[in-house]
Number of protein chains: 2
Amino acid sequence: MTNHALFHTLHQLSRQLTNSLNEALKPFGLYSAQWSVLFVLHTKGSLTQKELSEYLFVEAPPMTRTIQRLVKQGFVRQIPGKDKREKYIQLTEEALKEFPKWEHAVSECNNDLLKKFPEDSQQELLKLQSVWLKQLL
Amino acid sequence: MTNHALFHTLHQLSRQLTNSLNEALKPFGLYSAQWSVLFVLHTKGSLTQKELSEYLFVEAPPMTRTIQRLVKQGFVRQIPGKDKREKYIQLTEEALKEFPKWEHAVSECNNDLLKKFPEDSQQELLKLQSVWLKQLL
DNA sequence: TTAAATTGTTTACCTAGGTAAATATATAGG
DNA sequence: CCTATATATTTACCTAGGTAAACAATTTAA
């Protein structure tokens, strides 16, 4: 019965990585969930909250909270859509200015976490995870 | 830059699995973190909270909370140690009686989550995760 | 055209897990 | 012995993410 170990190590890994990312983002007053939103907005441009939560596979309420924190910090704006139920979220100039620093810190953190883990193992791991995840969703 | 996808899918996977486990445990009024504690106590016998949190790589405060909920539900007892700072945690008779049902439900859930994911992929995934995790800790 | 159903967001409340600081007990050193 | 340090647990407070239900705007149907 290797199942238990599989779930256990996956959960542990996820927590360790999130903790490290939070540590790396601390100097900028950001947390991992905020970073994931900022990253998506930076690559995909303005999105509605619905689109954001679907893309990140997160329910609407936590997305609302994360966005409200980003608004309060001045990194994101909520623009009412033509359909007045929806709100488009976009990065502020401040966020665009700071983004490269954040990205650099996250990148350093990730490299550090992976530096002793061979490149081909990373590839293989990503492939296995992706296949499994796709089956679950 | 495959790093981002690697972290992202791992995080998603972890969340999906936890959600499924919570769903499977719902009929018994249990949550995933509680189950992890019950499982460890069942396999290793009575442990102090310190030992539990070290074994599960969880900080002391969340462990206290999880245990307090289990105490309230009558599934676990706190026994003062010879060293009066520490508390040994043990399963109650009620928990021992119910355990097989819980284990069966969790097992079914796990099998269901893995049924379309080949056995050798599972092995490979576990190996990669374990290697990486060991390097991080 | 108005009533009913649907959709996007928010509010309220829950578990999970983290840090910092308080508390109580044990252990060492002077 | 008594003070200082170390350790186990708890408390208070934070983010992350989940469900259920409220609310407002939109769409569908009668």
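In what follows, every heavy atom counts, from backbone to side chain, and hydrogens, waters and symmetry copies are set aside. Just so you know, these numbers come straight off a predicted model, no measurement behind them.
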*Treat primed atoms plus P, OP1 and OP2 as sugar-phosphate and everything else as base, then score nucleotides 18-29 of chain D 5' to 3': B for base contact with protein heavy atoms under 4.0 Å, S for sugar-phosphate contact only, - for none.*
BBB----BS---
*Would you say B:Arg69 reaches C:dA16's phosphate, i.e. side-chain N/O to OP1/OP2 under 4.0 Å?*
yes
*Could you check whether A:Gln78 gets within reach of a base, just the sugar-phosphate, or nothing at all, counting any heavy atom under 4.0 Å?*
sugar-phosphate
*Using atom NE2 of B:His8 as one end and atom C1' of D:dG17 as the other, report the distance to the nearest whole Å.*
15 Å
*asked:* Does a side-chain N or O of B:Thr64 approach OP1 or OP2 of D:dT10 to a distance below 4.0 Å, or not?
replied: yes
Name every donor-acceptor pair, under 3.5 Å, that has one atom in a side chain of residues 93-106 of chain A and the other anywhere in the protein, sequence neighbours excluded.
unit_1: A:Glu93; atom_1: OE2; unit_2: A:Arg77; atom_2: NH2; d: 3.1
unit_1: A:Glu98; atom_1: OE1; unit_2: A:Lys101; atom_2: NZ; d: 3.2

*Please work out if B:Thr18 contacts a base, only the sugar-phosphate, or nothing of the nucleic acid, heavy-atom cut-off 4.0 Å.*
nothing
*Ignoring backbone atoms, establish whether A:Gln68 has a side-chain N or O less than 4.0 Å from OP1 or OP2 of D:dT15.*
no
_Under the rule for side chain to side chain contact (heavy atoms under 4.5 Å, CB included), what residues qualify as partners of A:Glu86, not counting sequence neighbours?_
A:Thr48, A:Asp83, A:Tyr88
*So, is B:His11 close to the D:dA16 phosphate, meaning a side-chain N or O under 4.0 Å from OP1 or OP2?*
no
*Kindly write out the residues that satisfy side chain to side chain contact (heavy atoms under 4.5 Å, CB included) with A:Tyr31, not counting sequence neighbours, or none if the list is empty.*
A:Asn22, A:Gln34
Please report, to 0.1 Å, the donor-acceptor pairs under 3.5 Å made by any side chain of residues 123-131 of chain B, with sequence neighbours excluded.
unit_1: B:Gln123; atom_1: NE2; unit_2: B:Glu119; atom_2: OE2; d: 3.2
unit_1: B:Gln129; atom_1: OE1; unit_2: A:Thr9; atom_2: OG1; d: 2.8
unit_1: B:Gln129; atom_1: OE1; unit_2: A:Leu10; atom_2: N; d: 3.4
unit_1: B:Ser130; atom_1: OG; unit_2: B:Leu126; atom_2: O; d: 2.7

*Heavy-atom donor-acceptor pair, A:Ser14 side chain to A:His11 backbone, under 3.5 Å*: no
*asked:* Tell me the interatomic distance from A:Met63, atom CE, to D:dA16, atom P, rounded to whole angstroms.
replied: 11 Å
*With sequence neighbours left out, which residue pairs that include part of residues 25-49 of chain B fulfil the salt bridge (charged side-chain N to carboxylate O under 4.0 Å, His left out) condition?*
none
*Grab the CD-P distance between A:Gln49 and C:dG8 for me, whole Å please.*
11 Å
*Starting at CD of B:Glu51 and ending at P of D:dA8, how long is that distance when rounded to a whole Å?*
10 Å
*Cluster overlap B:Trp35 with A:Phe7, hydrophobic side-chain contacts below 4.5 Å*: no
*Check the distance between D:dA8's P and B:Ile89's CD1 and give it to me in whole angstrom.*
14 Å
*If each of B:Tyr31 and A:Lys87 is mapped to the nucleotide of DNA chain C with the nearest heavy atom, which maps nearer the 5' terminus, i.e. the 5' end?*
A:Lys87
